Novice: 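Below you'll find the structure I mean.
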Protein chains: 2
Amino acid sequence: MTIPADATRFVEYSDQFLKNVAVDNVIFGYHEKELKVLLQQPYTLDKWTVTGGYIKKTESIEQAASRIAFDRTGLKDLYLKQFGSFGNPQRVIDKGFTPQRIKEITGFEIPSTSWIFDYFVSVSFYTLTEFSKVESTKGELEADSKWWPVSELPPMMFDHEHIINEALSALRVHIAHFPIGYELLPEKFTLPEIHSLYETILGKSLDDRNFTKKLLLTKIVSKLDETRKIGRHRSPFLYQFDKEKYEEGLKSGVALVF
Amino acid sequence: MTIPADATRFVEYSDQFLKNVAVDNVIFGYHEKELKVLLQQPYTLDKWTVTGGYIKKTESIEQAASRIAFDRTGLKDLYLKQFGSFGNPQRVIDKGFTPQRIKEITGFEIPSTSWIFDYFVSVSFYTLTEFSKVESTKGELEADSKWWPVSELPPMMFDHEHIINEALSALRVHIAHFPIGYELLPEKFTLPEIHSLYETILGKSLDDRNFTKKLLLTKIVSKLDETRKIGRHRSPFLYQFDKEKYEEGLKSGVALVF
DNA sequence: ATTAATTCCGTACTTTTTACGGAATTAATT
DNA sequence: AATTAATTCCGTAAAAAGTACGGAATTAAT
């Protein structure tokens, strides 16, 4: 987040936060072959923002990212990956906050030399979750908070569209080297399901036979004896993640290049 | 940089800088099969730091990184790559700055609630240069500024050793996808020279025949008719970078995996 | 029994990666 | 002029990884 959506309240409590630096989380949600991103709309602006917040003086940037993600999703233990930081003087323009505007809205008088009118460096993280798990909750000073398809974003504040694109690039690089899916698929899932997951995230189609071959080679999933009856066609076998191999893959990496 | 080496002067001029966020540059230098890193030692501390500085309100973080690198190396147009940001409350401990200490040294009285005593988020970049090109200049309040072998670092402030290790990891990933060497080798160079460059940066030996094969496949270097007589053995042919292919590689990437 | 939708086994081919053998060149020395 | 030591670098063979498809098997509705 670049500009405090809740600037006036922020000024009251500002002592607990670092100045001129904040965290932005690009929260991706996957559900039934769709990739979405959770965005908020502040009252003060007709544009949308990624999920941001300030950093407490007593917490690390990773802890801040985690807390901020929890506040909007209700989820703990999200895997948050830092992918870049963004900062330039243009970020401060068109923010919807000027001393006059704040006085109009809240009655507070903030001197125009206050650091809240200087630009904020955004330290940015992304995460990926099953979006039906999320209880999206908006902040007090936000008009709305909702999921948007990554391919059809609304008008975004500042460079937030750029930040989302960078997050998606980083995610796509990431899944070539580390396993994903544990938080996104049911405990038992079919090959077509995990196949669609990879296709959706990568934004391209993958040969089903070669996909299966490479996936099974990593040993991170194992085949069960059960099948799932889902229509007038062959019933797909169920698979599940091999927790041990999966954890090892998260640590040491697993090549899974498509 | 996490803690202002020149805190008192900083307080005077602080209005031009962002608060609680700063840039650190890990400046790698290559010369004759050695990889070094440029470090500074503040007077106030017996530990060493990577090359850091503050961000002006009027400049982007990339511009800040560039300016800070220029101030210590005299080099413009360095390729500075952002590889991560670091921030946690531990960064503020053992920094060598307390209100008492500053008063002792400078006579200034700074309230202990000032933001300069809160932690700084470090937005970190690395760069790589031929180190004989660098005119290392120390800042006014630094005791010393010099090159250290990456494998034999002195005691470092905070997490700066960690930052250097992360920079080196990022550099090693980077050179698998983008060409390097243009700023590090003479205009005309031999295969063994560029071979050593890659071995040094990657910290492992590479089969010379396979190295050559892959390198030539990318077409970023081209063979000249000249050789260089350098001893009682076969004279190696000279090569030079194909500027066009090299530039294209910088933009679009060139796989060069060892 | 037929049909449509889907799953998934298997194979052939191409490209990339890895591992080495050994010949060629240079200049000092014998 | 032959020998020697140091180094450069050409080339090949085998293994591994990646790519492209054909077509058979299964399910349930008709």
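Keep in mind the model is a prediction, meaning the values are calculated, not measured.
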Novice: Please work out whether the ring planes of B/Trp148 and B/Trp48 are parallel, tilted or perpendicular, with thresholds of 30° and 60°.
Specialist: perpendicular
Novice: Searching all strands shown, indicate the nucleotide that pairs with D/dA17 (Watson-Crick or G-U wobble; both distances under 3.5 Å).
Specialist: C/dT14
Novice: From CG of B/Asn210 over to C1' of D/dC10, roughly how many Å is that when rounded to an integer?
Specialist: 12 Å
Novice: Centroid-to-centroid, B/Phe86 to B/His160, below 6.0 Å?
Specialist: no
Novice: Nearest whole Å is fine: how far is D/dA17 C1' from A/Phe211 CZ?
Specialist: 17 Å
Novice: Measure from CZ on A/Phe258 to P on D/dA20 and round the result to the nearest Å.
Specialist: 14 Å
Novice: Among C/dC8, C/dC9, D/dC10, which nucleotide has an atom closest to any side-chain atom of A/Lys223?
Specialist: C/dC9
Novice: Closest to the B/Phe237 side chain: D/dC9, C/dT7, D/dG22?
Specialist: D/dC9
Novice: Nearest whole Å is fine: how far is C/dC8 C1' from A/Leu238 CG?
Specialist: 15 Å
Novice: Using the six-membered ring wherever Trp is involved, compare the ring planes of B/Phe258 and B/Tyr198 and label them parallel, tilted or perpendicular (cut-offs 30° and 60°).
Specialist: perpendicular
Novice: Mark up nucleotides 24-30 of chain C, 5' to 3', with B wherever a protein heavy atom is under 4.0 angstrom from a base atom, S wherever such an atom reaches only the sugar-phosphate, and - elsewhere.
Specialist: BBBBB--
Novice: State the pairing partner of C/dT30; accept Watson-Crick or G-U wobble contacts with both distances under 3.5 Å, and report none otherwise.
Specialist: D/dA1
Novice: Given D/dT19, C/dT17, D/dC9, which nucleotide is nearest the side-chain atoms of B/Lys214?
Specialist: C/dT17
Novice: Just say parallel, tilted or perpendicular for the rings of A/Tyr246 and A/Phe241, cut-offs at 30° and 60°.
Specialist: perpendicular
Novice: For B/His195 and B/Phe189, I'd like to know if the aromatic rings sit close, meaning centre-to-centre distance below 6.0 Å.
Specialist: no
Novice: Separation of A/Leu206 atom CG from C/dC8 atom P, in whole Å?
Specialist: 16 Å
Novice: Nearest-Å distance, CG (B/Asp208) to P (D/dG11)?
Specialist: 15 Å
Novice: C/dC20 phosphate, OP1 or OP2: any side-chain N/O from B/Lys213 under 4.0 angstrom?
Specialist: no
Novice: How about B/Ser145 and B/Gln40: does a side-chain donor come under 3.5 Å of a side-chain acceptor?
Specialist: yes
Novice: Under 3.5 Å, is there a donor-acceptor pair between the side chain of B/Ser196 and the main chain of B/Pro192?
Specialist: yes
Novice: Output the rounded distance in Å from CZ (A/Arg228) to C1' (D/dA28).
Specialist: 18 Å
Novice: Tell me the partner of D/dT12, counting only Watson-Crick (N1-N3 plus N6-O4 or O6-N4) or G-U wobble (N1-O2 and O6-N3) with both under 3.5 Å; none if nothing fits.
Specialist: C/dA19
Novice: What about A/Arg209: does its side chain form a donor-acceptor pair under 3.5 Å with the base of D/dG22?
Specialist: yes
Novice: Does the ring of A/Tyr126 carry A/Lys81 above it, NZ/CZ under 6.0 angstrom from centre and within 45° of its axis?
Specialist: no
Novice: If you pin B/Thr190 and B/Asp207 to their nearest nucleotides in DNA chain D, which one's is more 5'?
Specialist: B/Thr190
Novice: Return the pairing partner of D/dA25 with a 3.5 Å limit on both distances, Watson-Crick or G-U wobble; otherwise return none.
Specialist: C/dT6
Novice: Calculate the interatomic distance between A/Leu215 atom CG and C/dC8 atom P; express it in whole Å.
Specialist: 12 Å
